[in-house]
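I have placed the structure first, in the form of structure tokens, so that the comments after it can refer back to it.
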Amino acid sequence: MIEDRNIGSVTRIVQLCARINRVVPGLKLQESIIAFTFLRRIDCLIESFSEKCASFYSENSKRLSDERLDEKLKEISGGYPFYNHSGYTFNKILRSNNSIEVVINSYLQGFSKNVLEILDGLNFHHNLAVLKRQSEFLVNLLDLFAGLDLSSSSVDNEEFIALLSSLLGIDIREMSPYYTTDSLSHLISECLMYIDTRSDKEDIITIYDPVCGTGSLLATAGEKAKKFAIHQSNISLCGQEVSVFPYAVAKALALLSGNDESKICYGNTLTDDMFPNRHFNYILADMPLGLQWSPFKDRIEQESYDIEGRFNLGLPTTSDSQFLFIEHIISKMDPQGSRAAFITSASVLWSGTATSGESRIRRWMFEKDLVETIIALPSGTLAATNIPVYLWILSNRKNAAQKGKVRLINASAADKNNRFTGIDDDFVKSVINEYKSKVISVMSQIVNNEQLGYYEVDLLENGKKKERVTISLDTDIHKFVEKERQPYSKGEITIDYTSVEKGYSVQFEKIFPQEKEDIASLVDATKDLVPVIDTITALKADIVKIQGRSESKSWTEYPLRAATEVVFGINRPPIENNNGLPILSVPFLRKPSNNVSLYEVTPKTKCSTVNDTIVIVRGENTGEVFKGIDGILSPSVATIKCTDEKVIAPQYLYYLLKGYEKELRSMAKGASIKSLDSKSIPNLKCMIPPVEEQLNLVAFLDVIVGKIDDVINVLGGSNNVFVQYRQTLIENVVHGRVMVK
């Protein structure tokens with residue numbers, strides 16, 4: 001553990017740098033702290049070799065070649081891949097009688113070339129020049145760092161990586177795209193390094209990160225690899241980064257954590273692969289989420305035409321490059337045995353139709369049996385974002401028990417209020433234990449690859465395309481048509497076999513279904529109402545008359561498409577018109593007002609009427625149901641219209657959908673923005689009573705719900721007990737649990 005005095009020193013250093021920045025403008029706080037911390041680590045590691053290095057350099061600098069001199073100085077410096085031949089250390093600089101500026105310049109010039117390159121990338125010389133304007137600050141800073149014991153006996157490499165990670169987190173929002181938190185690095189690395197992939201245990205362990213950022217994830221993996229390596233010199237860390245400062249930090253960590261073959265390269269991985277034709281034992285990445293690749297679209301497309309190229313599996317939409325990085329990672333896996341672990345957003349699990357590039361890449365991964373495990377992580381896992389993410393673990397060397405299967409671990413049920421703080425060590429430990437246990441549990445399931453597959457196929461009605469449907473691989477298409485489509489069609493349904501496409505999709509909510517909340521009994525729902533109801537006798541009289549019953553056998557289950565049509569909204573029309581209609585946005589549905597702009601209705605406009613029912617289809621409240629209003633549908637809502645009044649009476653439609661609101665909400669998909677697709681609502685199956693009984697239920701609900709609405713209006717607000725009771729009442733009625741005479 002890092003000693004308390006070190007932690008105190010770090011705190012004082014941060015405070016001093018912040019004070020200097022206020023007094024001497026131009027100092028980059030984070031750059032300065034990282035650079036000095038890196039220097040102090042090296043200083044502590046080679047301090048005892050300082051005089052010997054200086055003496056050897058003085059005697060041999062003009063006699064030996066640069067290459068031979070460099071080689072010998074590394075040997076003298078304890079075998080470390082760096083040295084300093086100036087004869088100075090932090091403590092000797094402070095004790096020197098010479099000018100601080102002169103001494104520190106001599107000290108820096110004495111470093112090996114690899115250290116100087118890193119300092120350039122860390123912008124050290126600029127920040128040092130700022131500090132020299134008031135040398136007392138430079139002396140104070142050196143004094144504080146000299147008191148920081150970063151020797152290997154006090155701070156091991158894993159602790160130093162954690163220290164650097166905490167310093168990078170000073171400005172979490174600016175640096176979050178470039179570094180992986182300590183806890184997440186441990187989770188990814190521990191799962192990745194669970195198995196030694198090498199056939200020859202004498203070989204060097206090669207680890208690669210194509211988007212290494214500051215290198216904290218790569219360095220942590222290097223530490224985990226020590227359980228397989230005979231010596232640290234047997235661990236090679238390779239990475240690539242496109243931003244200068246993170247690249248320099250990554251080079252520093254690789255220099256301290258890997259061997260002579262470790263290499264961090266600068267450049268765009270997607271357009272300039274700096275490790276061509278290289279394969280690695282282990283590959284890991286904290287994927288950039290939502291990164292567009294349209295600026296270099298031509299180069300990516302050109303490589304996709306090459307059968308040996310990285311992107312020949314397919315191209316995703318240009319709005320997100322995650323699948324391109326996945327293709328790149330797969331191309332780097334060693335055919336003799338390799339493992340990969342990377343973080344993605346939820347869209348990688350299911351986005352795209354079966355014909356899309358996303359789906360083709362995902363299909364290839366499952367059909368080649370590369371996917372070993374997918375772990376769902378909670379919101380707040382990544383620093384500075386609340387997007388749920390997933391850890392994928394790939395292997396091209398599965399054992400016999402793993403072949404043809406994928407393990408899904410649902411660790412997403414952690415504290416979802418832990419916004420922007422990441423995951424803690426206890427959480428990481430529990431997930432690692434679950435992963436290594438290999439047992440099936442509430443949190444972990446094993447499924448066959450084929451269980452995640454599906455077909456997309458066009459159905460024809462009287463020879464014309466009717467719809468494109470998605471069915472699981474184990475579903476008989478003929479039986480599906482006979483049961484799910486033909487009974488609700490006015491013509492003959494046939495199958496267009498030329499349109500069949502195969503895809504794969506991972507739906508955690510289906511593998512780990514959330515427990516459905518039982519509809520509360522009316523007795524339970526009314527107990528909190530009693531004190532209020534005593535003062536509202538008219539409503540109380542109606543409530544106490546309600547009697548329960550079991551669901552009626554005369555009710556029939558129908559999908560909504562049998563008797564309804566769903567119309568999705570589009571962008572609002574551009575022309576205002578005082579004789580037009582309002583836009584039915586979510587705020588307007590909650591509180592309709594006459595004081596809104598009206599827009600012209602065009603042939604392309606999608607509208608709703610008072611006879612329809614409106615459902616929110618995009619946003620935080622996806623699935624919420626409202627009564628119809630005359631207006632223009634915005635993109636966030638859809639209207640549901642009755643098409644067969646012999647099945648569903650228009651008056652009953654609102655109550656029916658309101659009673660199935662929980663089901664609609666559960667169907668919403670999406671990581672950051674929830675949404676309902678065009679198929680979800682039509683495919684929702686509901687228990688429907690005969691039309692005559694529907695009209696009786698409507699008459700009953702109109703009376704009771706009307707009185708409840710009056711009370712809600714009087715009380716104000718949308719979160720009182722009457723609102724909850726209103727919903728419970730409607731749910732009980734449309735599920736057949738209330739006797740209505």
Side-chain angles (χ1 to χ4, degrees), residues 1-2 7 155-169 172 175-197 205 207-209 211-229 232 235 237 239 246 249-250 253-254 256-258 281-287 339-344 372-385 388-395 407 409 411-412 414-415 418 420-438 443-444:
M1 292 293 291
I2 297 178
I7 295 172
V155 179
D156 64 28
N157 222 37
E158 201 164 356
E159 290 170 338
F160 180 72
I161 295 166
L163 170 63
L164 212 60
S165 181
S166 67
L167 294 174
L168 288 165
I172 190 170
M175 289 302 298
S176 61
Y178 304 109
Y179 88 102
T180 306
T181 60
D182 187 43
S183 295
L184 184 57
S185 293
H186 279 286
L187 173 60
I188 298 172
S189 301
E190 193 67 43
C191 292
L192 177 69
M193 312 300 295
Y194 180 49
I195 298 170
D196 190 352
T197 65
I205 298 174
I207 309 172
Y208 172 60
D209 185 343
V211 285
C212 65
T214 60
S216 56
L217 176 57
L218 187 60
T220 301
E223 292 303 304
K224 302 296 181 185
K226 288 181 178 178
K227 62 185 175 184
F228 300 140
Q232 182 167 324
I235 301 170
L237 304 180
V249 179
L253 279 176
L256 293 168
S257 305
N281 304 128
Y282 299 96
I283 306 166
L284 72 174
D286 186 356
M287 206 82 77
R339 287 169 63 79
F342 49 85
I343 294 291
T344 74
E372 180 214 88
T373 305
I374 305 175
I375 303 175
L377 299 173
S379 301
T381 294
L382 299 182
T385 179
V389 292
Y390 296 77
L391 171 58
W392 292 66
I393 301 169
L394 308 187
S395 173
R407 187 166 180 207
I409 298 176
S412 63
D415 181 11
N418 197 18
F420 298 157
T421 58
I423 51 179
D424 59 25
D425 293 340
D426 290 338
F427 172 83
V428 169
K429 189 180 296 183
S430 68
V431 175
I432 291 172
N433 289 339
E434 185 73 28
Y435 171 70
K436 292 182 177 180
S437 69
K438 298 182 181 180
M443 188 176 171
S444 177

[X] [atom1] to [Y] [atom2] distance, which is reported to the nearest 0.5 Å:
{"X": "Cys191", "Y": "Ile432", "atom1": "SG", "atom2": "CD1", "value": "5.5 Å"}
{"X": "Lys436", "Y": "Glu190", "atom1": "NZ", "atom2": "CD", "value": "3.5 Å"}
{"X": "Leu284", "Y": "Leu394", "atom1": "CG", "atom2": "CG", "value": "12.0 Å"}
{"X": "Met287", "Y": "Leu382", "atom1": "CE", "atom2": "CG", "value": "12.0 Å"}
{"X": "Leu237", "Y": "Tyr208", "atom1": "CG", "atom2": "OH", "value": "13.5 Å"}
{"X": "Asp424", "Y": "Leu184", "atom1": "CG", "atom2": "CG", "value": "12.5 Å"}

List the steps, then state whether side-chain contact (heavy atoms from CB on, under 4.5 Å) holds for Cys212 with Leu217.
CA-CA 7 Å; Cys212 65; Leu217 176 57; over 6 Å; no

Between Tyr282 and Thr197 (side chain of the first, backbone of the second, donor and acceptor by atom type, cut-off under 3.5 Å), is there such a pair?
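Checked: pair present.
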
Can you see which heavy atom on [X] is nearest to which on [Y], and at what distance?
{"X": "Asp209", "Y": "Ala285", "value": "OD1-CA, 3.8 Å"}
{"X": "Gly213", "Y": "Ala250", "value": "O-CB, 3.4 Å"}
{"X": "Ile235", "Y": "Lys226", "value": "CD1-CG, 3.7 Å"}
{"X": "Ser216", "Y": "Ile161", "value": "O-CG2, 4.0 Å"}
{"X": "Glu372", "Y": "Arg339", "value": "OE2-NH1, 2.7 Å"}
{"X": "Ala341", "Y": "Leu192", "value": "N-CD1, 3.7 Å"}

Within the 4.5 Å heavy-atom criterion, are Leu163 and Val155 side-chain neighbours or not?
no

Side-chain touch Asp156/Glu159, heavy atoms, less than 4.5 angstrom
yes

Which residues share a ring-ring contact (aromatic ring centres under 6.0 Å, His included) with Tyr194, sequence neighbours left out:
Tyr435

All side chain to side chain contact (heavy atoms under 4.5 Å, CB included) counterparts of Ser183, not counting sequence neighbours
Ile423, Asp425, Val428

His186 vs Lys224, test: side chain to side chain donor-acceptor pair (under 3.5 Å). Steps then yes/no.
CA-CA 9 Å; His186 279 286; Lys224 302 296 181 185; 3.0 Å; yes

side-chain contact (heavy atoms from CB on, under 4.5 Å), that's the test. Do Ile343 and Leu377 meet it? Break it down for me.
CA-CA 10 Å; Ile343 294 291; Leu377 299 173; 4.0 Å; yes

